[in-house]
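In each ligand, atom 1 is the first atom listed, and ligand 1 is the first ligand listed. Just so you know, these numbers come straight off a predicted model, no measurement behind them.
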Amino acid sequence: MKLLMMGPPGAGKGTQAKKIVGDYHLSNISTGEMFRDSYRKKESLGLLAMEFIRDGHLVSDEITIEIVRRRLFESNKEKNFLLDGFPRTIFQAEALADMLDVMQSSLDAVIQIVVSDDVILTRMVGRRSCSICGATYHLDFKPPKVENVCDSCGGVLYQREDDKRESVKNRLDIYKIKTQPLIEYYKSRGLLYEVDGEKSFEGVYQEIKAVLEGLA
Ligand code: ADP
Ligand code: AMP
């Protein structure tokens, strides 16, 4: 199965993606996570990407497409995957379509998590991430067992630079201009499935699961 998880920043894509890839045995390809991981390792790619990420801008199409291309072709074993956070522009979507053509493959579904701006803001500003494994928490909706400590690996939790209020507005504006047109792009190709992202963690998951069961 080849899936795309779409929705505004803070909609809950990463949270749902982690559960889906576990249950459906898919590779989780999150471009945001790849950039942050590279930054943690102090690689030049991560250091360069963070210059854009920090202020809420998109990393260039060229760089982003290249890291996805490498990931998809490198091992040639990414037969079942879930893309989270890619594509974010029409140009990236066209590049993905070309890559899938070369792989003689195609997407099965694009899941769009629908949430209002108010909910997005609350979710992003309250998000805390693990500095070691990248797991995400929320101060109110998913607090860790011990304050500021990751339940999974014991890492210290931090607030992403781009989750601070100043960047959040930028990210939402950019989402509306550059990424939202993808909804129509995938709808016109008969691939788009919308789910109500304002439900509970489990409620959203059940909606996604119903879509995936319907594909089989
Ligand atoms: P995205 O990957 O779309 O940017 P995340 O999955 O990281 O979003 O979720 C953003 C924040 O919202 C996180 O702090 C997460 O714990 C919280 N969150 C995600 N889904 C829900 C939900 N259904 N209800 C309440 N909070 C949620
Ligand atoms: P995310 O973890 O998906 O919220 O992504 C965090 C940040 O990484 C985004 O705000 C962008 O700056 C950058 N990023 C992630 N994916 C892409 C992409 N497909 N295109 C451009 N920039 C991206």
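- Distances between N or O atoms of R128 and those of ligand 1 include no value under 3.5 Å.
- Annotation: M124 places no N or O atom under 3.5 Å from an N or O atom of ligand 1; distance criterion only.
- The shortest heavy-atom distance from S200 to ligand 1 is under 4.0 Å.
- Polar contact check, T15 against ligand 1: a nitrogen or oxygen pair lies under 3.5 Å apart.
- For ligand 1, the polar-atom distance check against G126 finds no nitrogen or oxygen pair separated by under 3.5 Å.
- Screening residues 123-137 for salt bridge (charged side-chain N to carboxylate O under 4.0 Å, His left out) gives R127-D163 as the qualifying pairs, with residues at least two apart or on separate chains.
- Under 4.0 Å from any atom of ligand 2, one finds heavy atoms of residues T31, G32, F35, R36, I53, H57, L58, V59, T64, G85, F86, R88, Q92, R160, D162, R171.
- Rounded to the nearest 0.5 Å, atoms CG (L96) and CG (L72) are 7.0 Å apart.
- Atom CG of D84 and atom CG of L82 lie 6.5 Å apart (nearest 0.5 Å).
- Heavy-atom proximity to atom 24 (N) of ligand 1, evaluated over R127, E202, R123, is greatest for R123.
- Between the side chains of D55 and S167, no donor-acceptor pair of N or O atoms lies under 3.5 Å.
- Residue contacts with ligand 1: G14 is placed with a nitrogen or oxygen under 3.5 Å of a nitrogen or oxygen of the ligand (distance criterion only).
- For a threshold of 3.5 Å applied to N or O pairs, the pair formed by K142 and ligand 1 contains no separation below that value.
- Between G12 and ligand 1, a contact under 3.5 Å exists for at least one N or O pair.
- With hydrogens left out, the protein atom closest to atom 16 (O) of ligand 1 is H138 CB, 3.6 Å, a heavy atom.
- For ligand 1 and Y137, the ligand atoms under 4.0 Å from any heavy atom of the residue are 13 (C), 14 (O), 16 (O).
- Rounded to the nearest 0.5 Å, atoms OG (S44) and OH (Y39) are 13.5 Å apart.
- The N/O atoms of Q16, backbone and side chain alike, include none that comes under 3.5 Å of an N/O atom in ligand 1.
- Scanning G197, G10, P9, S129 for the heavy atom closest to atom 10 (C) of ligand 1 points to G10.
- Every heavy atom of G7 sits 4.0 Å or more from the atoms of ligand 1.
- For residues 189-212, the set of pairs meeting the side chain to side chain donor-acceptor pair (under 3.5 Å) definition, not counting sequence neighbours, comprises D23-Y205, S116-E198, K199-E207, E202-Q206.
- Every ring pair (Phe, Tyr, Trp, His ring centres under 6.0 Å) that F141 has, sequence neighbours left out, goes to H138.
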